[in-house]
Amino acid sequence: MEYIHEEIEKKWQKVWEEKGVFKTPQWSNRATYYALVMFPYPSGSIHVGHVKNYVIGDVVARYKRMKGFNVLHPFGYDAFGLPAENAAIEHGIHPRVWTQKNIETIRNQIKKIGISYDWDREISTCDEEYYKWTQWLFLKLYERGLAYKKKGLVNWCPSCQTVLANEQVKDGACERCGTPVKVKFLEQWYFRITEYADRLYEDLDKLTGWPDHVKTMQRNWIGKSRGALVRFPVEGIDEVLEIFTTRPDTLWGVTFMALAPESPLVDTIVLPEKRIEVETFVSKTLLEDRFKRTAEGAKKEGVFTGRYAINPVNGERVPIYVANYILYEYGTGAIMGVPAHDQRDFEFAKSLGLEIRVVVDRPGAPLDSKTMEEPYTEPGIMRDSGIFTGRESDKAMGEIISWLEEKGYGKGTTQYKLRDWLISRQRYWGAPIPIVYCEKCGTVPVPEDRLPVKLPEDVEFEPTGQSPLKKHEDFLNTTCPICGAPAVRESDTMDTFVDSSWYYLRYVNPHNDEKPFDPRDVNYWLPVDQYIGGVEHAILHLMYSRFITKVLHDLGYLTFDEPFTNLFTQGMIYKDGAKMSKSKGNVVSPEEMIKKYGADTLRLYILFMGPPEKDAEWSDAGIEGVSRFVKRLWKIFDRLIERLSATKEAGPVEPKTSQEKELHRKLHSMIKKITEDIEGGFHFNTAVSGFMELTNTLSKYLDSTNETEWNLPLLRDVVEKMVLMISPFAPHLADELWNRLGKKGLTVEQSWPEYDQRALELEEYELAVQVNGKVRDRIVVSATASEDEIKRMALSSKRVQKWLEGRKPRQIVIVPKRLVNVVL
RNA sequence: GCCGAGGUGGCGGAACUGGCAGACGCGCAUGACUCAGGAUCAUGUGGGCAUUUGCCCGUGCGGGUUCAAAUCCCGCCCUCGGCACCA
């Protein structure tokens, strides 16, 4: 019989659908397992890179089903976003139509791959029944004071015509389109993620099932640092300059203060005679590209404001400058300058000729303020530092902070680099922010029972970049929910990362129109046992989701406060050395591969390419190789099937000949290996090679044994177990073969095979015999041989004797079942 | 600069807790079948020397520990990813 993958795959996909095998019962007495893949943005069609994500998830889901879990394995679409709107502007298609068409394409693509999703739970973030609850989420944050509006410096992408969150800016450019980002001063909506900075940071330690690199990236991004806030009174006016420092031990080395150019304090502090000079500097600096200006290594510039501050620790007058390297958004927007012990302050002091004063000495090699060519930033011995003189700077840190607090000079504190999450977007295709502005009542949230604030569909798209909502009178004009007076709606929509920050909860109750999710169900299913997706979301999506989970936890909806217990980040698939993209024309389409080789071959190849967490290069020759394997396997079944139909049951398996024993042993060692490959770190590439090895051994057995002497019960046992094991990887093939073996039901409904430890034991082992660590011979010893026997056999080897040259070995090391090392 | 991951044949990659480096696949070579082969099957395939048995070298580089190191330790080099004037 020929292997016709189209027929087989179509047939089984239909059976699965008709039987509804992947529909997940909401409750069952089996243990739950929630396997989740990151849902895609539906921008056209998916390529094999996405397929990798879904296949990994499917192997896990199907395997866990066979292990007896009640598995939740859903799929959906992150369907709001700019590309839909751009398509509307360019081609005149409504974003909803464009998006829906893409969703259909993708759904069809995925069904052809045979992924075991529960399609009844499919969700799409642009559906009213979904975004209603995104708006609900906004209201919950608003009630808690975690959603707020403020004026501030924001990143603006001139091409996307919208503001961006800090996380969405990479190297000073828009993460999406690469256009350099401009800084604007605008009023925008934020989520107060900074309130959760510490928990987001500290709880990373709880995430033992997450890869370290992702946790590290989040730690870097949150940027926690301990230090002190210290207050420096300003001379001559009633003003205090508060600064944050991680090095309170260098307070005695302060020789200047510096303010960020954006700081409103500049205006208060500057002396009249310095005003023109300072204002000129500030406006010049603010005109510069902010990302270049604040990049490391940029030239440090600044001007004196004419004003002095008093250093509380020693009463000294220190000049206050405005400097281009001070970040307004971090700390207090002002710093104390300690040139001797800080790289940036050192550069600044050098370029302006300011005093450099050493207060922390390098142990054993004192520093000289006059001649030093670089700052000393390590811990050391404190010098000229009042009562702390002579102390070790790092050890004294805690005491210094207590002392500052006692004296009222400052206090210990922790600062974070993390900024609040800017969530408003001046775009159409997103969930409207449920806020109304009333002249009398001010900013009023839309009451929960009036959700959703519907996104109007009858809008006109113009390439002006302005959101069509801005001009949609019916949408804009409303009445105040409090007083009933005419009011205006907020026309901004939410960042799509808000949509995706909670979707994993919705899958549990995707069609509940009373609430976003039922806490009882969600707490039963979540946290997600295994989350799978690309590293590109290491910060953005994963941190936002953690934040929202913690908020909902604090609001009493969730019993857990981390959404994803285990995270797996899969590598990308490259083609011709580059990321696949339509514009580069290097997209490998799954349909084409399925048509040519079949879904099972595609799945196996994607897994076989290399370790799934690593990037891999697509190879046409590679998939050919896997295709050959599948055909070979098919042919072996063809050879066997008729003979096997005589033996319906595997029955007691008694391997007699050495070939039979080898085959039996191989089967069990492969059950062990493949199970461990799946459980112990997603080593699917080696699992697939295990199938190949087992097939090779089987094929060798069939070739080397006369057909009349085939051990049929053994063969049946081998092929049945092999079919079950390959089921999560190549499910159509598995079900077809299972069926041809005369078995009932589907492979995914069977139990995962167990290995028999006894089958792994050999009666005799081949040992390598080394002389001084080099293999010189091999001997076969019985499993029960004593050490002395093994030594005797090793020493009696002719080849070993040749190397011994009559000498007596100093030592003989035996590694059971592996080797003997004769040491001279 | 800091943090993280990694460097193994012609290629993708294997190698448990230190125990025979190169599983499995690709590619290549030779042979078989064939009118033919870009199908299939068999055999071989880290490098060098000897080519009969063997011998030497070999996991980025240089040291070290050990009977034994891809694996552990010290010092470098390179690649990829993240952060990057965060006080």
Side-chain angles (χ1 to χ4, degrees), chain A residues 170-171 211-221 223-225 227 243-247 250 258 260 293-300 323-327 329-338 341-345 347-348 415-419 535-536 538-539 569 571 604-605 608-611 613-626 628-629 631-632 635 673 676 680 683 685-696 699 703 766-776 778 798-799 802 809-824:
Chain A
K170 207 187 150 189
D171 299 324
D212 287 330
H213 67 276
V214 173
K215 289 189 275 188
T216 306
M217 280 163 71
Q218 291 209 1
R219 277 195 198 98
N220 281 341
W221 189 261
K224 179 175 181 172
S225 29
I243 57 92
F244 172 72
T245 178
T246 52
R247 293 291 306 274
T250 64
R293 190 190 102 211
T294 59
E296 191 179 342
K299 194 162 178 273
K300 305 207 171 17
N324 65 346
Y325 70 99
I326 312 305
L327 301 170
E329 312 86 358
Y330 183 75
T332 61
I335 60 131
M336 66 180 203
V338 186
H341 305 294
D342 182 278
Q343 181 65 39
R344 300 147 300 176
D345 298 348
E347 286 170 36
F348 185 72
Q415 285 286 329
Y416 303 90
K417 294 196 325 191
L418 184 72
R419 314 269 200 269
V535 226
E536 63 274 17
I539 297 172
T569 54
L604 285 168
Y605 172 60
F608 186 61
M609 286 174 90
E613 69 277 12
K614 279 182 69 182
D615 291 344
E617 170 78 23
W618 180 269
S619 149
D620 290 329
I623 194 168
E624 284 285 351
V626 172
R628 278 205 280 268
F629 160 70
K631 286 182 193 151
R632 217 160 49 231
K635 269 189 210 151
K673 177 199 167 58
E676 287 170 356
H683 299 141
N685 54 328
T686 51
V688 175
S689 81
F691 294 128
M692 293 171 170
E693 281 186 54
L694 183 52
T695 307
N696 291 346
S699 160
D703 289 344
E766 187 187 79
L767 297 186
V769 183
Q770 299 182 329
V771 178
N772 283 341
K774 287 191 175 148
V775 182
R776 297 301 181 188
R778 285 161 198 289
K798 266 188 214 144
R799 293 185 192 167
K802 188 180 128 199
R810 273 198 297 145
Q811 192 190 348
I812 299 175
V813 181
I814 298 175
V815 182
K817 299 171 189 177
R818 289 186 180 272
L819 56 77
V820 187
N821 189 8
V822 179
V823 186
L824 288 175

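These numbers come from the heavy atoms of this one structure, side chains and all, not from hydrogens, waters or symmetry mates. Numbers restart at 1 for each chain; the letters A, B, ... are given by sequence-line order, proteins then strands.
- Atom CE in A/Met336 sits about 12 Å away from atom P in B/rA87, given to the nearest Å.
- Remark: B/rG9 base-pairs with no nucleotide in the shown strands. Criterion, Watson-Crick or G-U wobble with two distances under 3.5 Å.
- Remark: A/Lys300 qualifies as a cation-pi partner of A/Tyr325 under the 6.0 Å distance and 45° angle criteria applied to the six-membered ring.
- In terms of modelled atom types and a separation under 3.5 Å, the side chain of A/Asn324 and the main chain of A/Lys299 share a donor-acceptor contact.
- Regarding contacts with the backbone of B/rA23, every side-chain N or O of A/Thr686 stays at 4.0 angstrom or more from both OP1 and OP2.
- Using a distance-only test at 3.5 Å, with no hydrogens or angles considered, no donor-acceptor pair links the side chain of A/Ser699 to the main chain of A/Thr695.
- Taking CE from A/Met336 and OG1 from A/Thr250, the interatomic distance works out to 3.5 Å, rounded to the nearest 0.5 Å.
- Of the C1' atoms belonging to B/rU8 and B/rU79, the separation is 15 Å, rounded to the nearest Å.
- Looking at heavy-atom distances under 4.0 Å, A/Ile326 makes contact with a base.
- Counting non-hydrogen atoms under 4.0 angstrom, A/Ser619 reaches nothing in the nucleic acid.
- Using a 4.0 Å heavy-atom cutoff across all strands shown, A/Asn685 reaches sugar-phosphate atoms only and no base atom.
- When heavy atoms are screened at a 4.0 angstrom cut-off, A/Gly331 is found touching no nucleic acid atom at all.
- The CG atom of A/Asp703 sits 9 Å away from the C1' atom of B/rC41 (whole-angstrom rounding).
- Atom P of nucleotide B/rA84 and atom CD1 of A/Ile539 are separated by 8 Å, given to the nearest angstrom.
- Atom CZ of A/Phe629 is separated from atom P of B/rA39 by 19 Å (rounded to the nearest Å).
- Classified by its glycosidic torsion, B/rG58 falls in the anti category, the angle being over 90° from 0.
- Residue A/Arg810 is classed as having no contact, given no heavy-atom separation below 4.0 Å to the nucleic acid.
- Pairing for B/rA23 is absent, judged as Watson-Crick or G-U wobble with the two contacts each under 3.5 Å.
- Protein atom CG of A/Leu824 is 14 Å distant from nucleotide atom C1' of B/rA68, rounded to whole Å.
- For the OP1/OP2 pair of B/rU17 and a distance below 4.0 Å, the side-chain nitrogens and oxygens of A/Arg818 include no atom meeting the criterion.
- Residue contacts shown for A/Pro611 are limited to sugar-phosphate atoms, with no base heavy atom under 4.0 Å away.
- As the counterpart of B/rA50, no nucleotide is assigned, since no Watson-Crick or G-U wobble pattern has both distances under 3.5 Å.
- A/Tyr605 contributes a side-chain N or O that, together with a main-chain N or O of A/Ser619, makes up a donor-acceptor pair within less than 3.5 Å.
- The shortest distance between the side-chain N/O atoms of A/Asn821 and the OP1/OP2 oxygens of B/rC20 is not below 4.0 Å.
- Across all strands shown, A/Asn696 has heavy atoms under 4.0 Å from sugar-phosphate atoms exclusively, and none from any base.
- Atom C1' of nucleotide B/rC80 and atom CD of A/Glu617 are separated by 15 Å, given to the nearest angstrom.
- Across all strands shown, B/rC16 remains unpaired; no Watson-Crick or G-U wobble contact has both distances below 3.5 Å.
- Heavy atoms of A/Arg219 sit nowhere under 4.0 angstrom from any nucleic acid atom.
- Base pairing of B/rG38: no nucleotide in any strand meets the Watson-Crick or G-U wobble criterion (both distances under 3.5 Å).
- Atom CD of A/Gln218 and atom C1' of B/rA84 are 18 Å apart (whole Å).
- At the phosphate of B/rC56, OP1 or OP2 sits under 4.0 Å from a side-chain N or O atom of A/Arg776.
- B/rU66 is unpaired under the criterion used here, namely a Watson-Crick or G-U wobble arrangement in which both key atom distances are under 3.5 Å.
- Remark: A/Asp345 CG to A/Ile326 CD1 distance equals 7.0 Å, nearest 0.5 Å.
- Within the 4.0 angstrom heavy-atom criterion, only backbone atoms of the sugar-phosphate kind lie near A/Lys774; the bases stay farther away.
- Side-chain N or O atoms of A/Arg810 include one that pairs as donor or acceptor with a backbone N or O of A/Leu824 at under 3.5 Å.
- To the nearest angstrom, C1' of B/rG19 lies 5 Å from CG of A/Leu819.
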